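Each remark here refers to the structure printed beneath this line.
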Amino acid sequence: MEKLIITQPDDWHLHVRTGAILKTVIPHTARQFSRAVIMPNLKSPVTTVAQAENYRQEIIQAIPKGLDFTPLMTLYLTDSTTTSEVEKAAESPHVYAFKLYPAGATTNSDSGVSKLDLIYHVLETMQEHDIPLLIHGEVTEAKYDIFDREKIFLDKVLAGIIKNFPELRIVFEHATTREAVQFVTEASEQLAATITPQHLMFNRNAILAGGIKPHYYCLPIIKRETHRQALIEAATGGNKKFFLGTDSAPHLQHLKENSCGCAGCYSAHAAIELYAEIFDRAEKLDKLEAFASFNGADFYRLPRNTDKIMIQKATWRIPDNYQVENNFLIPLRAGEDLTWRLMN
């Protein structure tokens, strides 16, 4: 197949930051996606509807003229989130979910939830108002190996949430393990999962073999090849519970390439092309449209998009970097060739 026309996709898990970085990355997303679920983990997290409205306006102002793109806002759960804020979110036309970060799990997650029972009353109100819960699914205690933290979260935390809130719609974000695939597959229709391009393309050798490569470091961390294969089967297998969520997370070069090693891969520059290459290699291009354009919209109970995009088999080289004022942003697979290209 040399050309693929599909319904315009959506990104159901996206970081765009703020300020100069936002202005650089929003055009990349808006040229290919109709909508995106915007993560709320800014340095000052987006915890209220009023803050989400302000953040939404900043995003809208950065969208290039002529592109039709809708940011879907989320709120950051903390130990002090109130049920009244949930009720405000339910009334807002722009807030679509709440995000659960276990405290310390990833970038700007220090304000996250320290103990789940502190927000059970909030989850109950979310269930009553049918507001989805988006989860970064890892335990954070130091005693747990970083490669095991997702699996432990499934058994220790997520199973309990589902038992106590069976009608709560939940998205297990950026699934990385075969255990997560099995858990989501066997759970009720209230549970779904997003899968990123980096977890579909790479195993942990990409980070560690031949020297540490910080631009492949993300959380949850990339796992073994057996897990990657399970994710490929889930994404390309036609199961409506799995859908596209890039978790594209821009960090400036000097923050990735230092002792901090910020977690996150920037993939928005070529997201749909990366997924097309993945599905092509799996000989499942016919499954890409549902994964990218239908399953997420259906789970969020939003109308499917009606516009189309065309992706063509054509080799092109990803730039080495993108300039952000006096700094640089290094994209995933910088300087490498891609075999599919969005035509617009």
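Remember, it's a predicted structure, so these values are computed and weren't measured experimentally.
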Using 0.5 Å steps for rounding, measure from the [atom1] atom of [X] to the [atom2] atom of [Y].
| X | Y | atom1 | atom2 | result |
| --- | --- | --- | --- | --- |
| R317 | T315 | CZ | OG1 | 10.0 Å |
| E85 | T47 | CD | OG1 | 7.0 Å |
| H199 | I278 | NE2 | CD1 | 11.5 Å |

Quick one, T177 with F183, criterion side-chain contact (heavy atoms from CB on, under 4.5 Å). Give me CA distance, side-chain angles, the key distance, then yes/no. CA-CA 10 Å; T177 60; F183 191 103; over 6 Å; no

So does [Y] get a backbone contact from the side chain of [X], meaning a donor-acceptor N/O pair under 3.5 Å?
| X | Y | answer |
| --- | --- | --- |
| Q190 | E167 | yes |
| D11 | T246 | yes |
| Y55 | A50 | no |
| H129 | E87 | no |
| D280 | A276 | no |
| N239 | A234 | no |
| K256 | Y217 | yes |
| S248 | L14 | no |
| N203 | R228 | no |
| Q51 | T48 | yes |

When you compare the side chain of [Y] with that of [X], does any pair of heavy atoms fall below 4.5 Å?
| X | Y | answer |
| --- | --- | --- |
| D320 | F328 | no |
| P250 | H15 | yes |
| R149 | P220 | no |
| L274 | R333 | yes |
| C218 | D247 | no |
| H227 | R224 | yes |
| I60 | P71 | yes |
| V171 | F243 | yes |

For a quick test of reading the model, state the closest non-hydrogen atom pair linking [X] to [Y] and the distance between them.
| X | Y | value |
| --- | --- | --- |
| F172 | G137 | CE1-CA, 3.6 Å |
| P214 | E257 | CG-CG, 4.1 Å |
| T194 | H13 | OG1-ND1, 4.2 Å |
| V95 | L75 | CG1-CG, 4.0 Å |
| V113 | L77 | CG2-O, 3.8 Å |
| I195 | A175 | CG2-O, 4.4 Å |

For a side-chain contact (heavy atoms from CB on, under 4.5 Å) check, start with the C-alpha distance between Y266 and H251, then their side-chain angles and the critical distance, and finish with the verdict. CA-CA 8 Å; Y266 182 66; H251 292 280; over 6 Å; no

Heavy atoms from other residues, nucleotides or ligands near [atom1] of [X] exceed 12 (cutoff 6.0 Å):
| X | atom1 | result |
| --- | --- | --- |
| E225 | CD | yes |
| K308 | NZ | yes |
| N326 | CG | no |
| E283 | CD | no |

Does F202 have its ring centroid less than 6.0 Å away from the ring centroid of Y216?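 Yes, ring centres under 6.0 Å apart.
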
Examine F291 together with Y275 and report whether their ring centres are nearer than 6.0 Å.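 When the ring centroids of F291 and Y275 are compared, they turn out to be within the sub-6.0 Å range.
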
Determine whether L332 and Q198 satisfy the following criterion, side-chain contact (heavy atoms from CB on, under 4.5 Å), listing intermediate values before the conclusion. CA-CA 8 Å; L332 191 64; Q198 63 265 26; 4.2 Å; yes

Let's go through K223 and T176 carefully: what are the C-alpha distance in whole Å and the side-chain angles of both, what is the deciding distance for side chain to side chain donor-acceptor pair (under 3.5 Å) to 0.1 Å, and is it a yes or a no? CA-CA 7 Å; K223 308 296 196 301; T176 70; 2.7 Å; yes

Can you classify the ring geometry of H269 versus H28 as parallel (below 30°), tilted (30 to 60°) or perpendicular (above 60°)?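 Geometry flag for H28 against H269: perpendicular rings.
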
Under 30°, 30 to 60°, or over 60°: which ring-plane class applies to H136 and Y101, parallel, tilted or perpendicular?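 Tilted: the ring planes of H136 and Y101 meet at 30° to 60°.
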
Hphob cluster co-occupancy, [X] + [Y], side-chain heavy atoms under 4.5 angstrom:
| X | Y | answer |
| --- | --- | --- |
| I330 | I26 | no |
| M343 | W316 | no |
| L168 | L118 | no |
| W340 | M310 | no |
| I135 | Y120 | yes |

Would you call D298-R304 a salt bridge at under 4.0 Å N-O?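 Salt bridge present between D298 and R304.
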
R178 and E233: CA distance, side-chain angles, deciding distance, salt bridge (charged side-chain N to carboxylate O under 4.0 Å, His left out) verdict: CA-CA 10 Å; R178 61 186 176 186; E233 292 175 10; over 6 Å; no

Applying side chain to side chain donor-acceptor pair (under 3.5 Å), can you list everything that pairs with D130, at least two apart in sequence or on another chain?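 Per chain and number, D130 pairs via side chain to side chain donor-acceptor pair (under 3.5 Å) with R169, R301.
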
Determine, step by step, whether M39 and E173 satisfy the side-chain contact (heavy atoms from CB on, under 4.5 Å) criterion, reporting the C-alpha distance in whole Å, the side-chain angles of both residues, the deciding distance to 0.1 Å, and the verdict. CA-CA 11 Å; M39 293 297 105; E173 307 236 70; 3.6 Å; yes

